[in-house]
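Below: one structure, written as structure tokens.
Order of appearance sets the numbers: ligands from 1, and atoms from 1 within every ligand. All values below come from the heavy atoms of this structure, side chains included, with hydrogens, waters and symmetry mates left out. Computed from a predicted model, the values in this text were never measured in an experiment.
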Amino acid sequence: MRTQVTIIGAGPAGLLLSHLLHLSGIESIVLETRSRADIEATIRAGVLEQGTMDILANAGVGARMKAEGALHHGVELAFGGRRHRIDLTELTGKAITVYPQHEVIKDLVAARLAAQGQLLFEVSGVQLQGVDTTTPSVSFVRAGEAARIDADFVIGCDGYHGVTRPAMPPQGREDFTRNYGFGWFGILVESAPSSDELIYARHDRGFALVSKRTPTVQRLYFQCDPADHVDNWSDDRIWAELHARLENNDGWRVNEGRIFQKGIIGMRSFVSTPMQAGRLFLAGDSAHIVPPTGAKGMNLAVSDVNVLAQGLEQFYRQGRDDRLQGYTDAALKRIWRAEYFSWWMTSLLHTFADATPFQREMQRAELECVVSSRAMATALAENYVGAF
Ligand code: FAD
Ligand code: DHB
């Protein structure tokens, strides 16, 4: 097989890139280890920045997001028994949309298939060859048969545990990592949302987050030990923990309901540079990870491939590669800003096992500053909506 661009991974990065290239008349094939049903059912992110919504809408895949997504003009910070609203729209003129990642995935898969796009699901043994040449190839196994795709470019959109980052030449690489030593326990709950807006709560027992999915489904998270197991958490224990962490003085309580999904994710910050070696490029989680507190991961995946698609378009339309060669620098500006904000939100709202009493007081004082200073609230709001 031959194509112009081989894309490894059918997450938001790989699928959107394939669709943007198609809109520019560039051919691609997407390789994915999992099944279509699996990628369309995996519960992950929920928050889309205005810029992400604009990119999806301009690419013609925003109709359901606009109709079914919930536009949010503010978020709440809860601590010390009180809730404080940050008015995102008043402070920045922008808003965010809560629309689940797996719905974005469904919309992108549908758009690719409608345009006869080539998505190869359930492949295995993906390996890269000749990435230091102008004719890289990818070999893999599909339905028991060995296959190979020759292309002009290979793009690694295969997430943190993929095969493309390890295939980058080691020379000149620099990785930046921070592990937080805690994770998030996430649940889906059958009940009406407890709050119209997201609530980020700091409590001595640990962080908690109230989000939603639909008018009948809530998405809730609480800080936990990343080595813990969901089987250690009965529904009663989960509700007791959430009530304790979200308790407040105005009588508001989180709505209980049937818990129908539970999962634990570890939290880390990670950036791997450069994001290009010859004809191999990385985009999204394959190159960087943020802790989810800032809701930036999927948004970064979208902004990376938006930059990359412009570089590839310039290459094929004008025969120039200066945009492609500038990809790492252009993408990293936004990535480091999001890394900073995600680290800051995480530091502000979680409990740290090694925190001294002094550090705990500093955290409380900083939260007071954010909710009482318009300047600090504006800084949070600008970063949260992605106005940078
Ligand atoms: P992925 O979505 O990881 O996609 C990679 C794909 O590649 C996968 O489908 C995988 O199966 C496939 N793959 C892997 N290896 C191979 C291989 N060898 N060959 C072929 N295919 C392969 N982000 C936000 O913006 N907002 C949020 O609110 C938010 N909340 C989150 C909450 C949780 C609980 C979690 C876990 C994440 C959250 N994120 C959030 C982060 C967001 O989900 C990720 O950043 C996003 O999925 C990255 O997209 P991606 O396409 O780069 O990678
Ligand atoms: C959701 C996830 C996040 O990481 C976040 O910061 C806010 C909301 C969510 O899944 O709804």
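Remark: among candidates Phe140, Tyr221, Phe121, the nearest residue to atom 32 (C) of ligand 1 is Tyr221, based on non-hydrogen atoms.
In Ser286, neither the side chain nor the backbone holds a heavy atom less than 4.0 Å from any atom of ligand 1. With a 4.0 Å cut-off on non-hydrogen atoms, Arg34 touches ligand 1 through its side chain and not its backbone. Proximity of Lys296 to ligand 1, defined as any heavy-atom pair under 4.0 Å, is confined to the backbone N, CA, C and O atoms. Under 4.0 angstrom from ligand 1, the non-hydrogen atoms of Val126 all belong to its side chain. Only the backbone of Leu31 comes within 4.0 Å of ligand 1, counting heavy atoms alone; no side-chain atom from C-beta on gets that close.
The shortest N or O to N or O distance between Pro292 and ligand 1 is not below 3.5 Å.
The backbone N or O of Arg34 sits nowhere less than 3.5 Å from a side-chain atom of Asp38 that would complete a donor-acceptor pair.
For the pair Arg165 and Tyr160, the cation-pi criterion (under 6.0 Å, within 45° of the ring axis) is fulfilled.
Each of the following atoms of ligand 1 lies closer than 4.0 Å to a heavy atom of Ile265: 33 (C), 34 (C), 36 (C).
By the 6.0 Å contact criterion, CG on Asp196 is open, its count of non-hydrogen atoms from other residues, nucleotides or ligands being 12 or less.
For a heavy-atom separation below 4.0 Å, the residues in contact with ligand 2 are Arg44, Gly46, Val47, Trp184, Leu198, Tyr200, Leu209, Ser211, Arg213, Arg219, Tyr221, Pro292, Thr293, Ala295.
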